Structures are given as structure tokens and as C-alpha cells.
There are 2 protein chains.
Amino acid sequence: MTVSQSTGAAERRTHTEQGIERKQQLLDAAATLFSTKGYANTRIADICAAAGVAKGLVYWYFPTKEELFAELVRSMRLQLRRAQAAAMDPESDPLTRIRQGTEASVVFMAEHRAYFALLDVERAHDAGPELDAVLREGSDVYANDVIRLVRDAQSQGLVPDGDPRLYAVGVLGVVSSFSHALRNGSLDVDVEELAGFVGDWVVRALSGAVTGGQARPRRTR
Amino acid sequence: MTVSQSTGAAERRTHTEQGIERKQQLLDAAATLFSTKGYANTRIADICAAAGVAKGLVYWYFPTKEELFAELVRSMRLQLRRAQAAAMDPESDPLTRIRQGTEASVVFMAEHRAYFALLDVERAHDAGPELDAVLREGSDVYANDVIRLVRDAQSQGLVPDGDPRLYAVGVLGVVSSFSHALRNGSLDVDVEELAGFVGDWVVRALSGAVTGGQARPRRTR
DNA sequence: CACCCTCTTGACCGCCGGGTCAAGGCGCCG
DNA sequence: CGGCGCCTTGACCCGGCGGTCAAGAGGGTG
């Protein structure tokens with residue numbers, strides 16, 4: 001493996017305006033292909049064809065196919081985390097915050113299906129052991145977020161006692177399951193409706209109450 | 001692609017006792033490797049090394065790497081389905097049956113971690129489009145099982161109205177999430193305990209009641 | 001013994017795909 | 001104008017891996 005030079009492959013010099021744009025084109029093309037055909041089945045040549053550039057160019061912007069993939073995943077996570085943070089009202093109780101984060105995640109994933117499907121690829125560790133590290137590292141962030149919220153909720157009596165880690169697995173799992181189903185299965189439901197359903201589901205599963213957490217004001221676009 | 005000869009690749013003649021055994025050895029070795037390193041990263045040579053045989057032998061028992069994988073998945077599904085069926089008491093109400101099936105699934109997957117991890121691989125469609133068909137086909141079976149049970153439960157007022165397909169996605173998703181977590185995350189909980197937790201979770205999520213479905217008699221081994 | 005059928009081996013092949021590289025266009029600065 | 005750094009190209013290289021094959025080893029049967 002090609003060693004991570006000193007600081008960890010943060011070399012590449014300055015990019016011009018155009019360069020940044022081109023790089024983004026490549027990332028977009030790669031995202032679509034990866035999520036459609038999977039990482040292993042996507043050829044560098046495919047990405048180039050989709051972006052309409054020559055093969056060598058990829059290696060101007062990325063040191064390797066793996067690194068390209070990793071960069072995609074990182075940017076994904078950043079976006080998702082922002083969306084969640086924006087959706088959670090700091091004034092609300094923990095259970096409501098979980099619901100908000102859950103619903104925001106569902107909506108976000110629906111709006112970025114192509115990107116988000118990468119998390120499936122992440123699931124299977126078909127991408128090689130080194131990537132595995134980068135990938136798993138990030139999942140923990142979400143888990144810890146949820147664990148913290150569950151603890152708070154438990155201390156307020158909103159959620160019954162029990163290992164918060166287990167609850168967290170349940171919450172995260174159900175979100176990713178519905179995301180997956182919406183993409184691959186033929187769930188042709190309205191996104192807002194689905195988000196509401198998942199939010200309810202999570203709250204029920206956590207609290208055992210049908211009405212836990214404040215119901216969310218349906219967005220009318 | 002190599003066409004499925006007439007009936008669908010059901011050629012291979014008679015296997016001797018020894019032959020069947022050898023074939024199973026290969027399947028076992030493959031299962032371990034696939035679930036450890038992923039489909040794409042597992043070399044035929046690896047499988048042979050693990051099984052202690054020469055490379056050519058694989059092609060005596062299987063026409064292709066893909067077919068080997070497909071056979072693994074099929075056998076997995078058969079086993080799981082049997083375990084579920086055995087666990088569900090036909091006398092019980094639908095909600096209880098769902099709980100039983102859920103708990104049995106968790107236990108089963110814990111006892112067959114290596115095998116079961118294949119479903120992760122299944123999740124990501126890194127295995128090529130032809131396989132995708134074989135794979136997806138089978139998931140529907142489970143979904144339909146659950147959908148049927150949810151419908152029954154709804155008609156008895158045990159589960160609130162709502163699209164049964166959505167409920168099914170939730171149930172299946174949560175099981176696979178916990179399975180995944182138990183394998184990859186460091187959830188060092190007792191399997192029986194986990195099964196109970198997941199059973200409770202599903203019942204709560206479905207019914208909104210803390211006590212829905214009969215609690216399961218804890219098995220004391 | 002002759003024959004056949006299941007099994008096993010390991011050298012070999014051919015292709016596919018990630019990664020390299022020499023060459024060149026283009027715009028900017030001195 | 002000359003040189004320099006960013007960007008782009010496409011031919012090329014080469015290692016790895018799925019799959020093939022000719023050659024046998026047992027062992028069972030007539």
C-alpha cells in the first residue's frame with residue numbers, strides 16, 4: 001500500500017476555480033456509479049466516461065480509487081450531520097430531538113439517494129481493510145450522538161431503562177433500513193409521509209408510547 | 001455471461017459421499033472468507049488455500065465464483081426460514097408470532113455469524129447485476145411473510161392502521177441492524193438478552209404498547 | 001485385467017483494470 | 001516573448017485473478 005505521506009496525503013497543491021469544479025464533476029460521476037453498480041464493479045474508466053474526461057485525469061485529482069471513494073464518504077457524512085443538527089431544536093426534550101434527527105435523516109437521504117447509497121457499500125466491507133477503518137470510524141459519531149440523547153431521555157423517564165447502546169443501534173438501523181428500502185425496494189410513498197412514519201416508529205420503539213415526542217409539523221412545500 | 005443452460009445450471013452429475021463432503025468444505029471456507037473480506041476481495045485461491053485443496057477443484061463443484069456465492073446465499077436462506085418457522089407457534093396471535101420469528105432470527109444469526117454476514121454483502125450490490133436478481137428475489141419472501149402477519153395483526157386491532165409494507169421494512173431492518181451490530185460493533189451482550197431486547201423493540205414499535213405479544217419464556221440452556 | 005467414473009492436481013492462459021507517463025495545450029506573470 | 005505551473009490526453013504497462021486443461025490417482029465393477 002502506498003503509504004500516507006507524512007500528514008496523511010494532504011499534498012495536492014492549489015486548485016484553480018476550474019480545477020475544483022472538475023474535481024466535483026468527478027466526485028458526482030463517481031457517486032452515481034458507485035451507488036448504482038457498487039464500488040467493485042465501477043471501473044475508473046466508467047467514471048471518466050461519465051464525466052467526459054480522459055482516464056489519466058482522475059489521478060491528477062485523486063491519488064487512488066480508494067481515496068476517491070473515501071473522500072465521497074467523508075463529504076456525505078458532513079452534509080448529513082449538518083442536516084441533522086439543523087433539524088434538532090435545542091429547546092426540545094431528548095425524545096423529540098431524536099425524532100427530529102430521525103426525520104431529517106430520512107428526508108436528507110431521500111434527497112440524496114445517489115450519494116447516500118454509499119452507506120450500503122460501507123456496510124459491506126468489500127472495499128478493502130484500510131478503508132474499513134476510515135468508514136467505521138465515522139459511524140461511531142452517529143452512535144454516540146444517539147447514545148447521549150437516549151441517556152438524557154432515560155434520566156427524564158421518557159425512555160425505559162436499558163443499555164443505551166442497544167437503543168442507539170435500533171434507531172440508526174431503522175433509519176438506514178428505510179433509506180435502503182426507499183432506494184432499492186419499490187416503496188413509492190411520499191417522502192414526508194415516510195419520514196413521519198419512521199419518526200413515529202422510533203418514538204414508539206423507544207418509549208412504548210404512541211404519542212411520545214411532539215408530532216412534527218408537516219412541512220407543506 | 002455464461003447463460004444458464006436450459007433448466008438453469010442443474011447439470012453436475014452424481015456426487016459420491018466424499019464429494020458432497022468436499023463440496024461442503026469449500027462452501028464453509030468460502031462463507032468464512034466472504035463474510036470476513038467481502039465477495040470482491042476474496043480470491044478463489046484464498047478459498048482453496050483455506051480448504052487445503054488445489055485451485056482447479058473449485059471448478060469441479062461449481063461452474064463459477066458467482067454461482068458458488070449464490071449457492072451459499074440460498075442455503076443460508078433455507079436454514080433461516082426453517083428456524084423461523086420452527087419458532088413461531090401457530091396457535092399464537094400474529095403479534096406474538098412476529099416476536100417469535102424476530103427473536104429466532106436474532107438467535108440464529110448469532111449462531112451463524114460467518115454465514116449470516118453474507119446478507120451484508122447482499123445489501124451492497126457489489127456482486128454484479130446478475131446476482132442482484134437472485135439476491136433480491138429472496139428478500140421478498142421474508143417481507144411477504146411479515147406483511148401477511150402485520151395484516152392479520154391489524155385486523156385484530158393489535159397494530160394500528162398503516163401501510164403493512166412499511167411495518168415490514170421496519171421489522172426486517174431492525175433485525176438485520178442488530179445482527180450487523182452484534183457482528184461488527186463491539187456489542188458484547190448475551191445473545192438471549194439481545195434477542196429479548198429486539199423482540200420487545202419490535203413489539204413496541206408495532207403496537208405502541210409496552211406489553212404487546214406474550215413475553216417469551218427465557219431459554220435456560 | 002480393462003474400463004470407467006469420480007476426484008484431484010498445478011501449470012498455464014488471457015483479459016481486465018488500476019495506475020503511469022511523456023507530451024502537449026492554455027493562461028498568466030515578468 | 002519565454003518560461004512556468006495548472007490541466008488534459010490517451011497509449012501503455014503489468015500484476016492479479018477467474019477460469020481451463022491435460023494428466024493422473026483411486027476404487028468399483030464385469
Side-chain angles (χ1 to χ4, degrees), chain A residues 1-5 9 11-27 29-30 33-34 37-72 121 126-131, chain B residues 1-5 9 11-27 29-30 33-34 37-72 121 126-131:
Chain A
M1 114 191 23
T2 41
V3 302
S4 38
Q5 196 88 287
E11 37 228 321
R12 188 88 286 123
R13 293 75 53 109
T14 42
H15 281 309
T16 68
E17 200 67 31
Q18 180 199 147
I20 296 176
E21 213 167 298
R22 185 46 60 88
K23 185 170 179 178
Q24 194 56 46
Q25 283 176 25
L26 288 172
L27 284 170
L33 289 170
F34 282 152
K37 310 169 53 178
Y39 177 82
N41 290 328
T42 300
R43 314 284 145 232
I44 295 286
D46 296 344
I47 299 174
C48 295
V53 300
K55 187 170 158 201
L57 195 57
V58 163
Y59 295 94
W60 176 259
Y61 293 102
F62 307 92
T64 168
K65 187 187 178 190
E66 280 197 357
E67 192 51 39
L68 163 55
F69 180 77
E71 201 150 315
L72 263 180
V121 181
D126 261 25
E130 319 86 30
L131 265 195
Chain B
M1 117 189 19
T2 40
V3 301
S4 38
Q5 197 88 287
E11 36 229 322
R12 188 90 282 124
R13 292 75 53 104
T14 41
H15 281 309
T16 68
E17 199 66 32
Q18 179 198 148
I20 296 176
E21 214 166 299
R22 187 43 61 88
K23 184 170 180 178
Q24 193 56 46
Q25 283 176 25
L26 289 171
L27 283 169
L33 289 169
F34 281 151
K37 311 168 52 179
Y39 177 83
N41 290 329
T42 300
R43 312 287 144 229
I44 295 286
D46 297 343
I47 298 175
C48 294
V53 299
K55 189 170 156 201
L57 195 58
V58 164
Y59 293 93
W60 175 259
Y61 293 102
F62 308 93
T64 169
K65 187 188 178 189
E66 279 198 357
E67 191 53 39
L68 163 55
F69 180 77
E71 200 149 319
L72 264 179
V121 181
D126 261 24
E130 319 85 32
L131 265 195

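The sequence lines fix the lettering, A, B, ..., with proteins before strands; numbering per chain opens at 1. This one's a predicted model, so the numbers in the text were calculated from it and none came from an experiment. For the numbers below, each heavy atom of this structure counts, side chains included, while hydrogens, waters and symmetry mates do not.
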Problem - NZ or CZ of A:Lys65 within 45° of A:Tyr39 ring axis and under 6.0 Å - result: yes

Problem - DNA chain C contacts among residues 44-55 of chain A, heavy-atom distance under 4.0 Å - result: A:Ile44, A:Lys55

Exercise for the section: May I ask you to say what A:Gly19 touches in the nucleic acid, namely base, sugar-phosphate or nothing, with a heavy-atom cut-off under 4.0 Å? Expected result: sugar-phosphate

Problem - d(CD1, B:Ile20; C1', C:dT6) in whole Å - result: 12 Å

Problem - Set of side-chain contact (heavy atoms from CB on, under 4.5 Å) partners for A:Glu21, sequence neighbours left out - result: none

Practice task
Tell me, please, the opening and closing nucleotides of DNA chain D, 5' to 3', among those with an atom under 4.0 angstrom from a non-hydrogen atom of chain B.
Solution key: D:dC17 to D:dT20

Handout entry: Length of the line joining A:Trp60:CH2 and C:dG19:C1', which is rounded to integer Å
Key = 16 Å

Fill in the blank from the handout: The answer to which of B:Gly56 and B:Thr16 contacts DNA chain C further toward the 5' end, by nearest nucleotide, is B:Thr16

Scan nucleotides 24-30 of chain C against the protein and return all N/O pairs shorter than 3.5 Å with their distances rounded to 0.1 Å.
none

Exercise for the section: Would you please name every residue forming a side-chain contact (heavy atoms from CB on, under 4.5 Å) with A:Ala50, sequence neighbours left out? Expected result: A:Ala29, A:Leu33

Problem - A:Glu71: partners by salt bridge (charged side-chain N to carboxylate O under 4.0 Å, His left out), with sequence neighbours left out - result: A:Lys23

Handout entry: Short side-chain N/O contact to C:dG18 OP1/OP2 from A:Arg43, under 4.0 Å
Key = yes

Practice task
Check the distance between C:dC7's C1' and B:Tyr59's OH and give it to me in whole angstrom.
Solution key: 17 Å

Practice task
Mind jotting down which residue pairs meet the salt bridge (Lys or Arg N to Asp or Glu O under 4.0 Å) criterion with at least one end in residues 42-54 of chain B? Sequence neighbours excluded, please.
Solution key: B:Lys37-B:Asp46

Fill in the blank from the handout: In short, A:Ile47 meets A:Leu26 closest at the heavy-atom pair CG2-O, 4.0 Å

